[in-house]
Amino acid sequence: MTKLLLVFFSTLSISAQTKLLSWNIENLGKSKSNSEIAFMANTIKDFDIIAIQEVVAGYGGAQAVARLADELNRKGSSWDYVISDPTSSSAYKTERYAFLWKKSKVKKIGRPWLEKKYHLTIDREPYICTFEYDNKQFTVINYHAITKNRQPETEIKYFKFLPLEYPKLNLIFAGDWNCPQAHTVFNPLKKMGYQPAFINQKTSLKKERVQGQYLASEFDNIFYSTVNFSIKNKGVIAFYKDFNSLQEARTISDHIPIWIEFSIN
């Protein structure tokens, strides 16, 4: 009986956690082959929610997300997905975001939205979606910053207003910031109790291996409220190790996926 109770409570503990993965999949669109889509699906299939940045805004982007969801559905679980409208920046840089989730683990609450209040100051305004698991809700803010040479801190500074904008939501900020978490622009969020899941973790791929190093910059991260969430586990997926060269790996993406496993306090 004691063993049965231990198994029961262990199962409860596991069910009260979920896994969120964030991935900038470079130019996710019609250029991605079926084998590349299948590789992506195998890479992310064990997670519950996927936040994707850099979906092509034009023809082929939404279709690529649908292809990825279809491939995931062949892996033993049922998945659903949503895709944002194109962001409101210039045509050269406009993109879409996407969320995919395992229906047996979480459910989507309401309709996701692009954050329009700051669309004039944030080139690719973030895509926001609320989910529920274990009868608790949390909201993921999916974001892709402007490139480093355009000074992403000039738009990241507006993120300190979002917890005030949505005081009733349990917010998680996930994406490609093109800026390391140590930058002072993140200090206001940190002072509000939002901490980076990753410190000194490089996430973008070099073009060529240099002195045994494959990764270039500390750009991707997930910020979470230490009051509202407990991080049980976290990690990155070094998918490039499955390829013979970085050039081959970069046909998938120039960023590696990052993930956290968390519970709501």
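Applying the side chain to side chain donor-acceptor pair (under 3.5 Å) test to residues at least two apart or on different chains, the pairs with a partner in residues 204-214 are R209-Y214. Residue pairs meeting the side chain to side chain donor-acceptor pair (under 3.5 Å) criterion with at least one partner in residues 232-241, sequence neighbours excluded, are absent. Sorted by first and then second residue, the salt bridge (Lys or Arg N to Asp or Glu O under 4.0 Å) pairs with a member in residues 40-68 form an empty list; sequence neighbours excluded. Pairs of residues two or more places apart, or lying in two chains, never qualify as ring pair (Phe, Tyr, Trp, His ring centres under 6.0 Å) while including a residue from residues 55-86. Annotation: salt bridge (Lys or Arg N to Asp or Glu O under 4.0 Å) contacts involving residues 174-203, sequence neighbours excluded, are absent. The stretch residues 144-167 participates, sequence neighbours left out, in these salt bridge (Lys or Arg N to Asp or Glu O under 4.0 Å) pairs: K117-E165, D123-R150.
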Is there a side-chain contact (heavy atoms from CB on, under 4.5 Å) between I156 and Y143? Walk through the geometry before answering.
CA-CA 10 Å; I156 294 172; Y143 172 60; 3.8 Å; yes

Apply side-chain contact (heavy atoms from CB on, under 4.5 Å) to residues L21 and I237 and explain how you reach the verdict.
CA-CA 10 Å; L21 180 142; I237 301 177; 3.8 Å; yes

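Using a 4.5 Å cut-off on side-chain heavy atoms (C-beta onward), D220 and F198 make no contact. Side-chain contact between Q181 and E218: present, with at least one pair of heavy atoms (C-beta onward) separated by less than 4.5 Å. The side-chain heavy atoms of F223 and W177, taken from C-beta on, include a pair separated by under 4.5 Å. Taking 4.5 Å as the limit, some side-chain heavy atom of T226 sits within range of a side-chain heavy atom of Y224. The side-chain heavy atoms of I231 and I222, taken from C-beta on, include no pair separated by under 4.5 Å. For the pair I258 and Q201, the minimum side-chain heavy-atom distance is 4.5 Å or more. When side chains are defined from C-beta on, T154 counts as touching I146, because their heavy atoms get closer than 4.5 Å. At least one side-chain heavy atom of W101 sits under 4.5 Å from a side-chain heavy atom of D80.
E115 and Y158 form no side-chain donor-acceptor contact under 3.5 Å, judged by distance and modelled atom types alone. Checked by atom type, the side-chain pair Q53/N142 shows a donor-acceptor distance below 3.5 Å.
A donor-acceptor contact shorter than 3.5 Å links the side chain of K32 to the backbone of T251. Remark: side-chain polar atoms of S217 are not paired, donor with acceptor, to backbone N or O of F219 under 3.5 angstrom. Between the S84 side chain and the Y127 main chain, no donor and acceptor come within less than 3.5 Å of each other. N178 places a side-chain N or O within 3.5 Å of a backbone atom of A145 that can act as its donor or acceptor partner. Using a distance-only test at 3.5 Å, with no hydrogens or angles considered, a donor-acceptor pair links the side chain of S253 to the main chain of N24. For E36 (side chain) and S33 (main-chain N/O), a donor-acceptor pair under 3.5 Å exists by modelled atom type. A donor-acceptor pair is defined here as one N or O able to donate and one able to accept, closer than 3.5 Å; no such pair exists between the side chain of Y118 and the backbone of P126. Between the side chain of T94 and the main chain of T87, a donor-acceptor pair closer than 3.5 Å is present.
Taking CH2 of W259 as the reference point, atom CD1 of I44 lies at 14.5 Å (rounded to 0.5 Å). Atoms OG and CG, from S263 and N265 in turn, are 5.5 Å apart once rounded to the nearest 0.5 Å. Separation of atoms CD1 (I172) and OG1 (T139) is listed at 8.5 Å; rounding is to 0.5 Å. Summarising the geometry, atom OG belonging to S22 is positioned 9.5 Å from atom CD1 belonging to I260; distances are rounded to the nearest 0.5 Å. One finds the OG atom of S77 at 9.0 Å from the CG atom of L72 (value rounded to the nearest 0.5 Å).
Annotation: W23 is in aromatic contact with F239 [ring centroid separation under 6.0 Å].
In terms of heavy atoms, T147 sits closest to P152 at O-CD, 3.4 Å. When all heavy atoms of A62 and V55 are compared, the pair lying nearest together is N-CG1, 4.3 Å. Residues A41 and L68 approach most closely at N-CD1, 3.7 Å, considering heavy atoms.
In terms of the salt bridge (charged side-chain N to carboxylate O under 4.0 Å, His left out) criterion, R96 has no residue partners (sequence neighbours excluded). Every residue two or more places apart in sequence or in another chain that forms a salt bridge (charged side-chain N to carboxylate O under 4.0 Å, His left out) with E71 is listed here: R74, K75. Residues satisfying the ring-ring contact (aromatic ring centres under 6.0 Å, His included) test with F229, not counting sequence neighbours, are F262. Listed by chain and residue number, L171, F173, L189, M192, Y194 satisfy the side chain to side chain contact (heavy atoms under 4.5 Å, CB included) test with P163 (two or more places apart in sequence, or in another chain). Scored by the ring-ring contact (aromatic ring centres under 6.0 Å, His included) test, F161 finds no partners at all (sequence neighbours excluded). With sequence neighbours left out, the side chain to side chain contact (heavy atoms under 4.5 Å, CB included) criterion links S78 to N73, K103.
Counted within 6.0 Å of CD on Q247, heavy atoms from surrounding residues, nucleotides or ligands total 12 or fewer; the atom is thus considered open.
If you chain together hydrophobic residues whose side chains sit under 4.5 Å apart, I141 and W113 fall into the same group.
With F138 as the partner, the side-chain contact (heavy atoms from CB on, under 4.5 Å) test is satisfied by one option alone out of L20, N228, L169, I49: I49. Applying side-chain contact (heavy atoms from CB on, under 4.5 Å) to L28 and the options V56, I52, I252 leaves one that passes, I52. The one candidate from V236, T203, L246, L205 that meets the side-chain contact (heavy atoms from CB on, under 4.5 Å) condition with L215 is L205.
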